[in-house]
Protein chains: 2
Amino acid sequence: VLHRSIDTEVYRTRLEQLQANLRDRGWQAALIMQPRDLYYYAGTAQPANLWVPDEADPVLFTRRVHKLTQEATWIERTVSAGGFGEMSRALADLELSLSPGAVLGVEQDVLPYRLVEGLKKNLEGVKLENLSPIVLQQRLVKDDEELARIRKAVDLWEKGHEAIMETLAVGVAEYEVAAAMECAARRGGGDGMVWPRRWDSYLPAGGIVASGPNAWVVSGEAMTVTGVGLSQALPWGPSSRRLEAGDLVVVDFSLSYQGYHCDMTRTYCVGEPNQEQRDLWERLLELHLQVVDRVRPGVTGEELYFVAEGLAEDMGLLDNFMGVGSERGSYIGHSIGLEVDEWPVLGAGYREPLPAGAVITIEPKFMVPGQGAVMVEDDIVVTPSGHEVMSTLERELFVP
Amino acid sequence: VLHRSIDTEVYRTRLEQLQANLRDRGWQAALIMQPRDLYYYAGTAQPANLWVPDEADPVLFTRRVHKLTQEATWIERTVSAGGFGEMSRALADLELSLSPGAVLGVEQDVLPYRLVEGLKKNLEGVKLENLSPIVLQQRLVKDDEELARIRKAVDLWEKGHEAIMETLAVGVAEYEVAAAMECAARRGGGDGMVWPRRWDSYLPAGGIVASGPNAWVVSGEAMTVTGVGLSQALPWGPSSRRLEAGDLVVVDFSLSYQGYHCDMTRTYCVGEPNQEQRDLWERLLELHLQVVDRVRPGVTGEELYFVAEGLAEDMGLLDNFMGVGSERGSYIGHSIGLEVDEWPVLGAGYREPLPAGAVITIEPKFMVPGQGAVMVEDDIVVTPSGHEVMSTLERELFVP
């Protein structure tokens, strides 16, 4: 009945790397509770607490269904423990209790305040540090199985594109365009949802459709083409606006396959584009290809952004690049994987060299009030010798 | 371009009630940051911090797009403040700073640990308490506009049901059944996502499809019919199992319309059900109707659960009620609204009388290993004189 996807050695290597990172920092243990991180290290997103000592073997404390979790994980020691009190007593029994003053890494960016306060009460004298930078740095580099799933997600996007080409027309609402993409992806075996890292980030089924004047509005958390949404309950993403002849339509969707995301964008035109629209698209594509061409091991996110910004300036489109006027983002892409908004954001201030195995998006856009927006986004894996574009869909200003 | 849905008086009344609750507890202010709570009080889910003093007028600190947020909210005082430092200085300028020892309510169940720690650094000497019980108690009672949106969500479910009746057949995969529901709801104007309150709760597009042997497995966080999912990355919800003749298929979906959720379940049979399946369904329906009949102002969740449990016991089906064997939940439903898993859960230990205006689900199920599962779930509003069933879809063991 259940699906196991466990190559024990892959997981063991991940865990040993985490332990090495703990030892480097002089931390005594890590506690992993967030479902995406759990899936990465334990091989299942079942509710559990993964306790990773700096040296000894890990223990998976199951919060709910014990037997199913035991069957799904490669971790050999599993203990049923619904709360932190039980977990703490079990750690004592296993002689894994931390001494006062010991450092425990926990995912402070995603665990709720109350949950961590509850943990503290059960681990008196232990010092908590934020584990997430270590986890996200490790997750940045993908292995072959992870790449294969991202490629499957890319395939879903292509199916969605075909459905959009059949759907997009004058009078169709933005949310109906979104539905075409979402349904094709779901029928193709997609997860039907996306996972953000940010606590307050969400998107309807992972996607944005923004047409005409909706495409030069910046709404919500992200500085990008966001759309305006169906209501103030979700004031970004596709709206009920009906497409008009001559509209530029930006379709920016993340899709997930067995937990791994692609994140791609293409721009469509309702009917034949005029010369201005063609020119805008051509300049965007030129900028895009030049930035993509720079992707190789050792390049920094900041370098990629500054190259893009310089090109936009040369084109006289700086004020319309990555936003409009004062509402512009100083980034050009981000990492993707188990989350759609993985660390790092590739932009000003990110000066770490990108390693081979990183999967990033490059997503330039021009947003021109009165005219519309054009955007393109591709998924790219950094290879030892340069890069490989994972998204296979052609890049053009599509006219259905 | 943007959608405003602001009846200022509705929001003002909500805010005044919150302030009265703060004064009752002797708290000096509340800070609201979670998008669902923000939407409830400020009228928009744009990223912002809503500062509510116990007596003075509220201030909305916009974290990102200032102008759009200003246009969308009824709150008169809006200030752009990207971080807590800026917010703290602006509070001082407005003479709204809290004195040392003052109590501030924040949503401790949903805000990340790091975020709250950052807040503390900028509000030295202030004591934090958990605001969420106050907010969720207030949100329990719905007004007419909220009820209207839940009814729209119910309409989406009916559209989904029609699509399922056309789709469900031998050889169709569970995820294809889910796609039928999801696509119909999205094309009908649904939000395309659902919002849970729990930090680690999520469902593909809000739904479960569980057929045959998948329907007596309990997986993930919830003690219910959960399904087993497409992979260990999301080991609940619809799977790739293909339906077989004679299968019982439980379809449990939450759908959202402009931020408000319905949550309904119907059971389908692939081909004509046998006598055993019919009997199981008939007993479930009898139990369901008897529990629904008890819903009125003043009834407690515990009473409703114990009535249901007693009936299951009388039917000789206690071990198959709300789970299987040792993995059974002691609840019979929950509140719905801006979140699909709103407080309270109606079960053992919940002894607060339900007020008129509460919208709850009643969701009994029998899970019988070797045979399958039957489940039904309706959405019900407590009225001054009793209750009204909001879900309009007939209750039968559907045979497409």
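So you know, we letter chains A, B, ... as the sequences are listed, proteins then strands, and number each from 1. A quick note: this is a predicted structure, and the numbers were derived from the prediction, not measured.
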(message) As an exercise: rank A/Leu111, A/Val194, A/Leu338, A/Val110 by heavy-atom pairs under 4.5 Å with chain B and give me the winner.
(response) A/Leu111
(message) So that I can tick it off, tell me whether B/Asp37 and B/Arg139 are bridged by a salt bridge, with the cut-off set at under 4.0 angstrom between side-chain N and carboxylate O.
(response) yes
(message) Test of understanding: with salt bridge (charged side-chain N to carboxylate O under 4.0 Å, His left out), list the residues that count as partners of A/Lys159, not counting sequence neighbours.
(response) none
(request) Could you tell me which of A/Arg36, A/Arg64, A/Arg63 has the largest number of non-hydrogen atom pairs under 4.5 Å with chain B? (result) A/Arg64
(message) Looking at chain B, which one of A/Gly212, A/Ala45, A/Ala173, A/Ser256 has the largest number of heavy-atom pairs inside 4.5 Å, strictly under?
(response) A/Ala45
(message) Report which part of A/Ala222 has an atom under 4.5 Å of a heavy atom belonging to chain B: side chain, backbone, both, or neither.
(response) backbone
(message) One thing to verify: whether A/Lys67 and A/Glu71 come together as a salt bridge, which I'm taking to mean a side-chain N less than 4.0 angstrom from a carboxylate O.
(response) yes
(message) For B/Leu203, which atoms come within 4.5 Å of any heavy atom of chain A: side chain, backbone, both, or neither?
(response) backbone
(message) Is the distance from the ring center of A/Tyr202 to that of A/Trp236 below 6.0 Å?
(response) yes
(message) I'd like to check the salt bridge (charged side-chain N to carboxylate O under 4.0 Å, His left out) partners of A/Arg242; sequence neighbours left out, ordered by chain and number.
(response) A/Glu176
(message) Shorter than 4.5 Å, heavy atoms on both sides: which option in B/Gln108, B/Arg187, B/Glu107, B/Met33 has the most such pairs with chain A?
(response) B/Gln108
(message) Taking side chain as everything from C-beta outward and backbone as N, CA, C, O, which of these in B/Asn130 sits under 4.5 Å from a heavy atom of chain A? Side chain, backbone, both or neither.
(response) side chain
(request) Can you tell which part of B/Val218 gets under 4.5 Å to a heavy atom of chain A, answering side chain, backbone, both or neither? (result) both
(message) Looking only at heavy atoms and a cut-off of under 4.5 Å, which of B/Gly206, B/Ser132, B/Pro204 has the most pairs with chain A?
(response) B/Pro204
(request) Could you look at A/Glu221 and say if it's the side chain, the backbone, both or neither that has a heavy atom under 4.5 Å from chain B? (result) both
(message) Tell me whether B/Asp191 contacts the main-chain N or O of B/Gln258 through its side chain, where contact means a donor paired with an acceptor under 3.5 Å.
(response) yes
(request) Identify which of B/Gly259, B/Ala180, B/Gly192 forms the greatest number of heavy-atom pairs closer than 4.5 Å to chain A. (result) B/Gly192
(message) Heavy-atom pairs under 4.5 Å with chain B: which of A/Glu327, A/Glu117, A/Gln34, A/Glu182 has the most?
(response) A/Glu182
